[in-house]
Amino acid sequence: DAKTTQPPSMDCAEGRAANLPCNHSTISGNEYVYWYRQIHSQGPQYIIHGLKNNETNEMASLIITEDRKSSTLILPHATLRDTAVYYCIVSTMTTDSWGKFQFGAGTQVVVTP
Amino acid sequence: KAGVTQTPRYLIKTRGQQVTLSCSPISGHRSVSWYQQTPGQGLQFLFEYFSETQRNKGNFPGRFSGRQFSNSRSEMNVSTLELGDSALYLCASSADGGFTEAFFGQGTRLTVV
């Protein structure tokens, strides 16, 4: 069963911030939230991950609610190259989960000029 | 450094045949995971190898098998191909299996006719 729920699609204007929500109401204390994206015909690409604190890197910011039941990925200034399917995944970092991410359907983000 | 290399990129096989796909991970990475991606099922985990040992396995029939060599290169084999095996097969490499530094290859597009 999917551990996360994401909207199937969203549009975003180029240059604006894209806010991608993810619901993970059954997340357990040792599970991290990861975000990956897949541009058409390419392999998924790591974006960011976090446990409970907000995180930021050169690609995006991750905001996790205090109860950790949901999170938001923020792409600060969307470009056309950000058009992709975005996956929100929760997983532990224990050995028995390594390598085997449970990808859901993701959110198809289309950035328009 | 060089990325994850998957060969061949495209393959057409006939039902009942077998096929072997190859994945060369990033130098120094010891974990290789394999995924199947289809329009209907999305990305599904097949198996993960670490230091030549299968560490985790998904819910696929025994026709799907894999192995990893001492140089960390990995192969996956599908025997007695079925039409439903048509998919994009992706491999991901990481230093230890954790997905904070996992890199996916471009995939092998397998078509079974």
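We name chains A, B, ... by the order of the sequence lines, and we start the count at 1 in each one. The shown structure was predicted, so the numbers you read here are calculated from the model rather than taken from an experiment.
Residue B/L90 touches chain A through its side chain alone, counting heavy-atom pairs closer than 4.5 Å. Only the backbone of A/S41 comes within contact range of chain B, with heavy atoms under 4.5 Å apart. For chain B, no part of A/Y32 is nearby; none of its heavy atoms comes within less than 4.5 Å. Interface residue B/Q37: only side-chain heavy atoms are found under 4.5 Å from chain A.
A donor and an acceptor atom, one from each side chain of A/S91 and A/Q102, are nowhere located under 3.5 Å apart.
Contact record, A/Y87 with A/V85: CZ-CG1, 3.7 Å, taken as the closest heavy-atom pair.
Cluster partners of A/I27, by chain and number: A/M10, A/L20, A/V33, A/W35, A/I47, A/I48, A/M59, A/L62, A/I64, A/L73, A/L75, A/L80, A/Y86, A/V90, A/V109, A/V111. The rule joins Ile, Leu, Val, Met, Phe, Trp and Tyr whenever side-chain heavy atoms lie under 4.5 Å apart.
Within the 6.0 Å centre-distance limit, the rings of B/F47 and B/Y49 are counted as a close aromatic pair.
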